[in-house]
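Comments concern the structure below.
Remember, it's a predicted structure, so these values are computed and weren't measured experimentally.
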Amino acid sequence: MRWIVGILINAVIFVALAGFFDGFNVSSFGAAVIASFILSILNGLIRPILIILTLPVTILTLGLFLFVINAVTLLLTDGIMGDAFELSGFGMAFLASIILALANLVIQNTVFKPKKER
């Protein structure tokens, strides 16, 4: 259930990003949901491989290289989706990955925060 909510939250963030930036285009909310689903699949399959391959660089940059890996997975999603989900380039993908990570961090710490025992 939490995975589906995460996909829907990412889809809403994609639509919001498309409204704010010219280099980020989503044709519809349905396309945003499909793009979010594809991104979650890529994050589960390809992202761990990329993290292992780039581990020395990730350690040297104190983990900031993970934003580059997130941008690459967004570009892969763009390539799979075609015209329904478009990013203008790597810079837009990098900016979108930062905003997506920050938004998910805030949402997870507020919405999915475990309740304290009394």
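The two atoms that bring I7 and V33 nearest to each other are CG2-O, 4.0 Å, heavy atoms only.
The side chain to side chain donor-acceptor pair (under 3.5 Å) pairs that include a residue from residues 5-17 are N10-N104, where partners are two or more places apart or lie in different chains. Pairs passing the side chain to side chain donor-acceptor pair (under 3.5 Å) check and including a residue from residues 28-47, sequence neighbours excluded, read R47-N70.
Remark: I38 pairs with I34, L42, T77, I80, M81 by the side-chain contact (heavy atoms from CB on, under 4.5 Å) rule, at least two apart or across chains. When the side-chain contact (heavy atoms from CB on, under 4.5 Å) test is applied to I41, the partners found at least two apart in sequence or on another chain are F37, L45. Residues meeting the side-chain contact (heavy atoms from CB on, under 4.5 Å) test with V12, sequence neighbours left out: F29.
Linking ILVMFWY residues whenever their side-chain heavy atoms come closer than 4.5 Å, directly or via other members, leaves V106 and V5 in distinct clusters. Hydrophobic clustering (ILVMFWY, side-chain heavy atoms < 4.5 Å, transitive): I9 and L105 are in distinct clusters.
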In sequence, state the C-alpha distance, the side-chain angles, and the governing distance for V72 and I69, and then conclude on side-chain contact (heavy atoms from CB on, under 4.5 Å). CA-CA 5 Å; V72 168; I69 293 173; 5.6 Å; no
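For the atom pair W3 CH2 and L8 CG, the distance stands at 10.5 Å (nearest 0.5 Å).
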N/O donor to acceptor pairs below 3.5 angstrom from side-chain atoms of residues 48-62, sequence neighbours left out:
{"unit_1": "T54", "atom_1": "OG1", "unit_2": "L50", "atom_2": "O", "d": "2.7"}
{"unit_1": "T58", "atom_1": "OG1", "unit_2": "T54", "atom_2": "O", "d": "2.9"}
{"unit_1": "T61", "atom_1": "OG1", "unit_2": "V57", "atom_2": "O", "d": "3.0"}
{"unit_1": "T61", "atom_1": "OG1", "unit_2": "T58", "atom_2": "O", "d": "3.3"}
{"unit_1": "T61", "atom_1": "OG1", "unit_2": "F65", "atom_2": "N", "d": "3.2"}

Pairs under 3.5 angstrom only: tabulate donor-acceptor contacts from the side chains of residues 82-102 to other protein residues two or more places apart or in another chain.
{"unit_1": "S97", "atom_1": "OG", "unit_2": "F67", "atom_2": "O", "d": "3.2"}
{"unit_1": "S97", "atom_1": "OG", "unit_2": "F94", "atom_2": "O", "d": "2.7"}

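Heavy atoms of other residues, nucleotides or ligands lying less than 6.0 angstrom from CG of D22 number 12 at most.
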